[in-house]
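Input: a single structure, listed below in structure tokens.
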Amino acid sequence: MKYNFRSIEKKWQKYWANNNTYQTNIDLNKKKYYVMDMFPYPSGEGLHVGHPLGYIASDIYARYKKLKGFNVLHPQGYDSFGLPAEQYAIQTGQHPKKTTEKNINTYRSQLDKIGFSFDWSREFRTSDPDYYKWTQLIFIKLFESWYDKNQDKARPINQLINIFCKSGNYNLNASSNKNIFQFSADQWNEFNDDKKEEVLQDYRLAYLAESEVNWCSELGTVLANDEIVNGVSERGGYKIEKRSMLQWNMRISAYADRLLNDLDKIDWSTSMKETQRNWIGKSIGVSMKFNIFGHDDSIEVFTTRPDTIFGVSFMTLAPEHDLVLKISTNEKKDEVEKYIKFASNRTEKDRISEVKKITGVFTGAYAEHPISKNKIPIWIGDYVLATYGTGAVMSVPCGDQRDYDFAKFFDIDIPNIFKDINISDQAFIDKQGFKLKNSSFLDGLTFNEATDAIVAMLEKDNIGTKEINYRLRNAVFSRQRYWGEPFPVYYVNNIPKIIDKNYLPIKLPDVQKYLPTESGEPPLGRAENWAWDVEENKIVEKQKIDNKKVFPIELNTMPGWAGSSWYFLRYIDPNNSNEICSKESLDYWSNVDLYIGGSEHATGHLLYSRFWTKFLFDLGMIPFDEPFKKLINQGMILGSSAIIYRMSGTNKYISKDLLKNEKVEEIHVDVGLVNFSDELDIDALKKWQPMFDEAEFICKNSFLVERKIEKMSKRWYNVVNPDLICEEYGADSLRLFEMFLGPLEQYKPWNTSGIVGTHNFLKKLWRLYVDDAGIKVKDIKPEKDSLKTLHKTIKKIDNDIETYSFNTAVSNFMIAVNELTDQKCISNEILSPLLIILSPYVPHITEELWSLLGNKQSITKESFPVYEKKFLKEASKVYPVSINGKVRLKLELSLDLDNKQIEEILLNHNDVIAKLDGASPKRIIIVPGKIINLVI
RNA sequence: GCUGAAGUGGUGGAAUUGGUAGACACGUUGGACUUAAAAUCCAAUGGAUAGUAAUAUCCGUGCGGGUUCAAGUCCCGCCUUCAGUACCA
């Protein structure tokens, strides 16, 4: 009987589907375990072999946990709103719903071939109205909440209104927009509704605000900070410019501290936590005011180095700072205005690429040093960012390199306040190794001493206060796109009003075209049925808008991360039409125990999900405040591109081995045209692309290509489709090989030739159980060696999988099968448990062998075997060691040995003992635990 | 610049966390089977030196030091690569 993987895999995939083998329900008698993957965006290109890597790992872990007796939730769905489907719709006029549906079907058929244990009965798509109904609800909740810093949690907005009615906002400690004006309860009560709403917008967690946004005209939308890479859009690499627009925002900054601190209670990689810490960017310092000569206004600055206050020789404002024009003297006004214009025209990319270029201009105004009362010139410069701190800095050229460069460039005084430190070439930026001088009462103090002294003094004299600053900005939540969740919002005289949650979902309307309108409105501006009737409570035709009972609906849609920020909650109760998920399901399934996905979402999805989870926790809607307990970031699988050399200016191609110093161009060719020995199939190449029809190929016996490791992409023709691998070697070979490639978290190149290794292993495994006559396993007593192999393997595999070392687990299986083959083991007592521990990795072949052994029920119903220590006993290590000048032999032994057994072991190690100058042991000291010392 | 991760054969990678470095697999070479090829099986495979041989000795985990009976692993100082971030006051 041969190992016919094609029919075996088809048979069992069908069996699992027909028997609902992987459907999961709440079972209070069992402990739960929740394993989740980052759900895919179904792109038109389908899956390549890199995509399933994380799914295979999570599948193995999920199956393993099931065998260990856990009730495992292992769902899958689709993140189906997004730009590519919309771009395609713009080009072809096809509704994104249709292309998305088509792509999902492709994905599903590809995934099904790999034999995953997903519970597909829980599948959903973020673009389903039944799903985004709840995304809209969470938006409403955010809109109807504010953040109380005293209680350190979000609270309903009604409670804030109560506070305003009773005492205004004088004693309020809440997260809000900048430059809030103060009002009393009487004032609040006299505000009209519009004014009240305007005030509330400063506190809501989802709020509408005129904000400086990253506008991308090529994509026709705004982008969040995490969607911009190196100053250009992440998708497409288009130019970004700053623009001020009325946008929905999420007040994520309210949660900055909790997002930072709670990193300590989750099991994520250090680099992932560090990335989030940097992104949040907490810095502790002092905020203080500098008065301006001849003006009532003062400049507020933020500094982390208050100890250097006596080194201030000028101040610098961001060009966008409110006071710039106000304080500039008449003589300087022209120059200042010119500079502001210059700075605003510089795009983000210019600023980054011209970091070294120093620009700035003097305003003509002077500030007063808060302690020495000296006159300090006020400059503006674009090295100061309007968006960080207060948009103004006290410049200490001797202690900050940028201030130093600026001062040198414009020939400003650089006073030295560091004793015995030379600052003629560069600033001294360390916080250690100095004592202050020329600093009045701080003279002679170190950084810590001076900081304490100056902070006490500033606070006592009411000049400054301790303050904490964050780099984290509030997130822009509006997109000028079609293919996203509509906002449940309509406008009455430009004041946003919420559509009551009873009328959700607000379904995405149909449009004729997916482009923005001629007047520049988002695509939803084209929708005919897009107005809200407040009496009927339904969507009606736009023509009916009268601004009395029918009002316009928001035209923006939500960003891609809206639907993915809470999706893990929906899997636990996916068909619930009354709430996000029931309390019962929440109490049982709780949050995700293991989450596997790429690290590129560190500052986007993973941060936003944590934010929304904390928010829902604050409202008492869920009983936990972190979504993902353990996170593993699988590394990318890179493609191995094939490159041929074309002699420059000719139609001749030269084989890699013949290339010397000729001038050549590198041309990517499809990796499918190249065999394992890097030989190119020239006939197939000519069929592949007509440009090679007339080409001449220079080579000896065969034409060799160059290899290059780069990201797997259609563009480089290096994509390997898992379907082809499944067809040629089988899903089990693929699963095993993807794990065998290397550590899960590492970036590694794909190399199809290696798959014969895992494929051969499966054939070997098959032959261990089956020969020409059929099954050869017998119910006989096993050999001692085979028992040892089995129990050693169980122990190792258990340890490997608990530490997520899937690659070494595969190696250990190979060792075990090699050993059992050598031992000619046919004992059922060995071979049955071996199948069970293998089944998470290679579910199809193990199911088949399991049933061939005569078992009636599926192997997935079995339980993971436990290894027994008694089969593993032996001395493991012997080595010389010197203690107190005497040479001793140190033996590391397994536990539970009696003296007789130890003696036996010593006899076996005569060679080692003899090596030590021929001495023999005189005395044996048995140390409690597992170490034995022999004095020689 | 800052932060994080990592440098081990021709290749992917092991090493029970301080204890025989190179497991396992690919590739390569030789052999068996075959008319032949494929498939399969067996053997060799870090380097150098000596020997007909079994074998022996030395060198070897990016570089230079150190601790230790013992270092891929720990400490100090460098170099390189990858990732994240970047005028953050």
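Scope of the values below: all heavy atoms of this structure, side chains included, with no hydrogens, waters or symmetry mates. Letters A, B, ... are given to chains in the order of the sequence lines, protein chains preceding strands, and every chain is numbered from 1.
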Handout entry: Nucleotide rC87(B), atom P - distance to OH of Tyr388(A) in whole Å
Key = 12 Å
Exercise for the section: Name all residues meeting the salt bridge (Lys or Arg N to Asp or Glu O under 4.0 Å) criterion together with Lys711(A); count only those two or more places apart in sequence or in a different chain, and write none if there are none. Expected result: none
Problem - Atom pair distance, as rounded to whole Å: CZ in Arg402(A) and P in rC2(B) - result: 14 Å
Exercise for the section: May I ask you to verify if any side-chain N or O of Lys763(A) is less than 4.0 angstrom from the OP1 or OP2 atom of rU40(B)? Expected result: yes
Problem - C1' atoms of rU8(B) and rG22(B), separation to the nearest Å - result: 8 Å
Handout entry: Phosphate OP1/OP2 of rU40(B): any Asn760(A) side-chain N/O under 4.0 Å
Key = yes
Completion exercise
Classified by glycosidic angle (syn within 90° of 0, else anti), rU17(B) comes out syn
Handout entry: Any residue of residues 804-819 of chain A with a heavy atom less than 4.0 Å from an atom of RNA chain B
Key = Asn807(A), Thr808(A), Ser811(A), Met814(A), Ile815(A), Asn818(A)
Practice task
Could you tell me whether the side chain of Tyr841(A) reaches within less than 4.5 Å of the side chain of Arg735(A), counting heavy atoms only?
Solution key: no
Practice task
For nucleotides rA25(B) and rG46(B), find the distance between their P atoms and express it as a whole number of Å.
Solution key: 15 Å
Handout entry: Separation of the C1' atoms in rA15(B) and rA21(B), to the nearest angstrom
Key = 7 Å
Practice task
Identify the nucleotide, in any strand shown, that forms a Watson-Crick or G-U wobble pair with rU45(B), with both distances under 3.5 Å; if there is none, say none.
Solution key: rG27(B)
Practice task
Compare all side-chain heavy atoms of Ile725(A) with those of Trp750(A) and state whether any distance is below 4.5 angstrom.
Solution key: yes
Practice task
Report the distance from atom CG of Asn799(A) to atom C1' of rU17(B), rounded to the nearest whole Å.
Solution key: 12 Å
Practice task
Specify whether Phe5(A) and Tyr3(A) have parallel, tilted or perpendicular ring planes, treating 30° as the upper limit for parallel and 60° as the lower limit for perpendicular.
Solution key: tilted
Problem - Under-4.0 Å salt bridge between Glu706(A) and Lys656(A) - result: yes
Handout entry: Inter-nucleotide P distance (rA53(B), rC42(B)), Å rounded
Key = 27 Å
Practice task
Mind checking Lys796(A) for me? I need base, sugar-phosphate or nothing, with any heavy atom below 4.0 Å counting as a touch.
Solution key: nothing
Fill in the blank from the handout: As its Watson-Crick or G-U partner within any shown strand, both distances under 3.5 Å, rG1(B) has rU85(B)
Exercise for the section: In whole angstrom, give me the gap between the P atoms of rC59(B) and rC33(B). Expected result: 44 Å
Exercise for the section: Give a yes or no on whether the backbone of Arg767(A) and the side-chain of Lys776(A) come within a donor-acceptor separation of less than 3.5 Å. Expected result: yes
Practice task
Searching all strands shown, indicate the nucleotide that pairs with rG19(B) (Watson-Crick or G-U wobble; both distances under 3.5 Å).
Solution key: rC69(B)
Exercise for the section: If rA50(B) has a Watson-Crick or G-U wobble mate with both distances under 3.5 Å, name it; if not, just say none. Expected result: rU55(B)
Problem - Watson-Crick/G-U partner (both atom distances under 3.5 Å) of rC78(B) - result: rG62(B)
Problem - Any Arg277(A) side-chain nitrogen or oxygen under 4.0 Å from OP1 or OP2 of rU85(B) - result: no
Problem - Interatomic distance at P, rC82(B) relative to rC75(B), whole Å - result: 25 Å
Completion exercise
Here the distance between atom C1' of rG27(B) and atom CD1 of Ile755(A), to the nearest Å, is 16 Å
Problem - Test item: Val455(A) and Val286(A) side chains (from C-beta on) under 4.5 Å apart, heavy atoms - result: yes
Problem - Tyr383(A) vs rA89(B): side-chain N/O to OP1/OP2 distance below 4.0 Å - result: no
Completion exercise
Taking a pair to mean Watson-Crick or G-U wobble geometry with both distances below 3.5 Å, rU40(B) pairs with rA32(B)
Problem - Asp405(A) and Tyr383(A), any side-chain heavy atoms less than 4.5 Å apart - result: no
Problem - Distance, C1' atom - from rU20(B) to rG7(B), rounded to whole angstrom - result: 24 Å
Practice task
Scan Asp403(A) against the nucleic acid and name what it touches under 4.0 Å (heavy atoms): base, sugar-phosphate only, or nothing.
Solution key: nothing
Fill in the blank from the handout: Of Thr270(A) and Pro749(A), the one whose closest nucleotide on RNA chain B sits nearer the 5' end is Thr270(A)
Practice task
To the nearest Å, give me how far apart CZ (Arg471(A)) and C1' (rU3(B)) are.
Solution key: 12 Å
Exercise for the section: Using whole Å, report how far CG of Leu53(A) lies from P of rG12(B). Expected result: 17 Å
Problem - Side chain of Lys748(A) (C-beta onward), nearest among rA89(B), rG13(B), rG84(B) - result: rG13(B)
Problem - Side-chain donor or acceptor of Thr808(A) paired with backbone N/O of Ser805(A) under 3.5 Å - result: yes
Handout entry: Nearest-nucleotide 5' precedence on RNA chain B, Thr387(A) against Pro743(A)
Key = Pro743(A)
Practice task
For rG13(B), measure the glycosidic angle (O4'-C1'-N9-C4 for a purine, O4'-C1'-N1-C2 for a pyrimidine) and name it syn if it falls within 90° of 0, otherwise anti.
Solution key: anti
Practice task
Would you indicate, yes or no, if rG13(B) has its OP1 or OP2 atom less than 4.0 angstrom from a side-chain nitrogen or oxygen of Gln746(A)?
Solution key: yes
Problem - Between C1' of rA89(B) and NZ of Lys431(A), the distance in whole Å - result: 11 Å
Handout entry: Side chain Asp732(A), main chain Ile845(A), donor-acceptor under 3.5 Å
Key = yes
Handout entry: Nearest-Å distance once atom C1' is located in both rG72(B) and rU61(B)
Key = 5 Å
Handout entry: Integer-rounded Å distance: rC26(B) P and Phe761(A) CZ
Key = 12 Å
Fill in the blank from the handout: Ranking rC41(B), rA89(B), rA39(B) by distance to the side chain of Arg767(A), first place goes to rC41(B)
Handout entry: Side chain of Phe740(A) - closest among rA25(B), rC87(B), rC26(B)
Key = rA25(B)
